[in-house]
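Everything below concerns the one structure shown next.
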Amino acid sequence: MSTPFDLSPRPTLGISACLLGDPVRFNGGHKESRLCSHDLARYFDFVPLCPEVAIGLGIPREPIRLVGDPDSPRAVGTRRPENDHTDALLEFGRTKANQLDGISGYIFMQKSPSCGLERVKVYQDNGYPAEGGGRGLFAKAFCASRPDLPVEEDGRLNDPVLRENFLTRVYAYAQWQALRREGLSHKAILDFHARYKYQLMANDPVQYKALGRLLGSIGEHRVEDIAPRYFSALMAALKKCATRRTHSNVLQHLCGYLKRHLSRDEKAELLRLIDQYRSGIIPLVVPITLLKHHFRGHPDRYIAQQAYLQPHPEELSLRNAL
């Protein structure tokens with residue numbers, strides 16, 4: 001059974017340079033993530049960035065921290081607060097977001113006053129951080145300029161569910177980029193959506209139906225108008241993590257395409273594995289592997305194009321821990 005997409009082109013990811021082992025931190029150190037520098041580096045090209053070094057701060061340097069309003073903090077020196085780097089970090093974030101139009105995702109350094117995505121300490125006048133924290137300024141400006149881009153923090157990637165979700169979105173984004181390079185059309189958008197039917201059903205069944213309604217009137221809209229609306233909604237839906245319940249629902253739908261081909265015992269085995277997966281006894285890869293086996297013996301052209309069966313390279317083993 002062929003995979004639905006050509007997954008061989010390596011997507012490119014932006015990444016905080018310290019996560020690849022570059023000694024760019026304020027103290028001349030790094031925060032190398034073996035997951036990124038070793039495991040993911042086999043499948044992705046990286047564009048490493050350290051915004052603090054890029055705006056002219058040296059190595060080593062005075063650490064910076066966020067202060068003031070958590071929704072709109074300032075980035076200042078920890079020893080010399082008159083050294084305010086707020087505008088430089090925000091401007092660099094906007095600039096790089098426009099320049100790096102070829103990336104398909106970004107991995108940020110957690111808790112960093114420049115790169116952290118959430119819960120970054122924002123200090124108040126009393127010397128204590130505000131409850132809930134804020135977002136690093138480079139990351140804030142970058143993400144505001146690229147709202148559809150898949151982004152994640154390095155620490156959260158240690159969670160297998162979040163890791164699989166992020167990389168599913170990265171490959172979807174990369175496939176959309178390829179489609180845009182080839183040239184968008186109404187048919188191309190509909191075909192793309194058809195390929196993501198069951199992946200969407202697993203991630204967000206409600207939005208899957210809403211996207212279907214949106215595309216139901218696609219002929220009434222210009223391609224350049226409907227395409228960004230559709231893709232923004234798609235990426236928002238894919239950001240919602242699939243659950244054992246929604247995965248099980250999709251697996252049962254896929255079984256329906258085999259009902260005329262399998263024996264009673266083969267059907268019973270498939271349903272047993274789906275129930276075991278739903279109950280948390282076995283990982284998702286087990287029923288998926290058996291489904292792929294049966295579809296190799298009984299090919300279905302529509303199912304063969306579904307991203308759900310192979311949304312990312314099998315060698316990444318992302319579904320072994322789901």
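We number each residue from 1, following the sequence as shown.
The structure places CG of L273 at 10.0 Å from CG of L251, a figure rounded to the nearest 0.5 Å. Atom CG of D204 and atom SG of C241 lie 11.0 Å apart (nearest 0.5 Å). Here CZ of R278 is found 9.5 Å from OG1 of T246. Values are rounded to the nearest 0.5 Å. Note that CG of N203 and OG1 of T168 are 7.0 Å apart. Values are rounded to the nearest 0.5 Å. Between the OG atom of S104 and the CG atom of L167 there is a distance of 11.0 Å, given to the nearest 0.5 Å. To the nearest 0.5 Å, atoms CD1 (I107) and CG (L157) are separated by 5.0 Å.
Residue V120 is grouped with residue I64 when hydrophobic side chains (ILVMFWY) are merged at heavy-atom distances under 4.5 angstrom, including chains of intermediate members. V206 and M235 fall into different hydrophobic clusters, where Ile, Leu, Val, Met, Phe, Trp and Tyr residues are linked whenever their side-chain heavy atoms come under 4.5 Å apart, directly or through other members. Cluster membership check: F44 shares its hydrophobic cluster with L19, using side-chain heavy-atom separations under 4.5 Å among Ile, Leu, Val, Met, Phe, Trp and Tyr. In the hydrophobic clustering of this structure, F138 does not group with V76; members are Ile, Leu, Val, Met, Phe, Trp, Tyr whose side-chain heavy atoms approach within less than 4.5 Å, directly or through other members. Side-chain heavy atoms closer than 4.5 Å link hydrophobic residues (I, L, V, M, F, W, Y) into clusters, and following such links, even through other members, never connects L162 to L318.
For D45 (side chain) and L13 (main-chain N/O), no donor-acceptor pair under 3.5 Å exists by modelled atom type. A donor-acceptor pair under 3.5 Å links the side-chain atoms of D69 to the main chain of D71, judged by distance alone. The closest donor-acceptor contact from the side chain of Q310 to the backbone of H312 lies under 3.5 Å. At distances below 3.5 Å, at least one donor-acceptor pair connects side-chain atoms of S16 with backbone N or O atoms of M109. For R10 (side chain) and R42 (main-chain N/O), a donor-acceptor pair under 3.5 Å exists by modelled atom type. At distances below 3.5 Å, not a single donor-acceptor pair connects side-chain atoms of Q252 with backbone N or O atoms of I274. A donor-acceptor distance shorter than 3.5 angstrom exists from the side chain of K292 to the backbone of L309, with no hydrogens or angles considered. Judged by distance alone, with hydrogens and angles left aside, the side-chain atoms of S37 form a donor-acceptor pair with the main-chain N or O of S33 at under 3.5 Å. Not one N or O on the side chain of S317 forms a donor-acceptor pair closer than 3.5 Å with the backbone of N320. Between the side chain of K267 and the main chain of K259, a donor-acceptor pair closer than 3.5 Å is present.
By the 4.5 Å heavy-atom criterion applied to side chains, L258 and I303 are not counted as neighbours. Residues F26 and E62 have side chains not in contact (no heavy-atom distance under 4.5 Å, counting atoms from C-beta outward). Within the 4.5 Å cutoff, the side chain of P311 has no heavy atoms near those of the Y196 side chain. With a 4.5 Å cut-off on side-chain heavy atoms, Q199 and Y208 do not count as touching. Taking the side chain as every heavy atom from C-beta outward, R25 and K31 approach each other to under 4.5 Å. Side-chain contact between N27 and P60: absent, with no pair of heavy atoms (C-beta onward) separated by less than 4.5 Å. The closest side-chain heavy-atom distance from I226 to F231 is not below 4.5 Å. Counting heavy atoms from C-beta on, the side chains of D22 and H30 never come closer than 4.5 Å.
Taking a cutoff of 4.0 Å between a charged side-chain nitrogen and a carboxylate oxygen, E153 and R156 do not qualify as a salt bridge. Looking at R61 and E52, a side-chain N of the basic residue comes within less than 4.0 Å of a carboxylate O on the acidic one, giving a salt bridge. Of the charged side-chain nitrogens involved, none lies within less than 4.0 Å of a carboxylate oxygen, so that R272 and D275 do not count as a salt-bridged pair. Between R319 and E164, at least one side-chain N (NZ, or NE/NH1/NH2) sits under 4.0 Å from a carboxylate O, which counts as a salt bridge. Using a 4.0 Å cut-off between charged nitrogen and carboxylate oxygen, D159 and R163 do not count as a salt-bridge pair.
Residues Y257 and H294 bring no donor and acceptor atom of their side chains to less than 3.5 Å of each other. Side-chain N/O atoms of R169 and N165 include a donor and acceptor closer than 3.5 Å.
When ring centroids are compared, F142 and Y106 come within the 6.0 Å threshold.
Scanning both residues, L322 and V161, for their nearest heavy atoms gives CD2-CA, 3.7 Å. Residues L89 and P51 approach most closely at CD2-CB, 4.0 Å, considering heavy atoms. Of all heavy-atom pairs between F92 and A54, the closest is CZ-CB, 3.3 Å. Between P11 and V170, the shortest heavy-atom contact is CB-CG1, 4.1 Å. Across all non-hydrogen atoms, the minimal contact from S232 to D148 is OG-OD2, 2.8 Å. Between L137 and A75 the shortest heavy-atom distance is CD1-CB, 3.6 Å.
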Worksheet item: Run the side-chain hydrogen bond (donor to acceptor under 3.5 Å, both in side chains) check on T86 and D84 step by step: do they pass?
Response: CA-CA 6 Å; T86 305; D84 190 321; 2.6 Å; yes

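The cationic group of R146 does not satisfy the cation-pi geometry with Y173, failing either the under 6.0 Å distance to the six-membered ring centre or the 45° limit from the ring axis.
By the 6.0 Å contact criterion, CD on Q99 is enclosed, its count of non-hydrogen atoms from other residues, nucleotides or ligands being greater than 12.
H193 and Y230 have perpendicular rings, their planes meeting at more than 60° on a 0 to 90° scale where under 30° would count as parallel.
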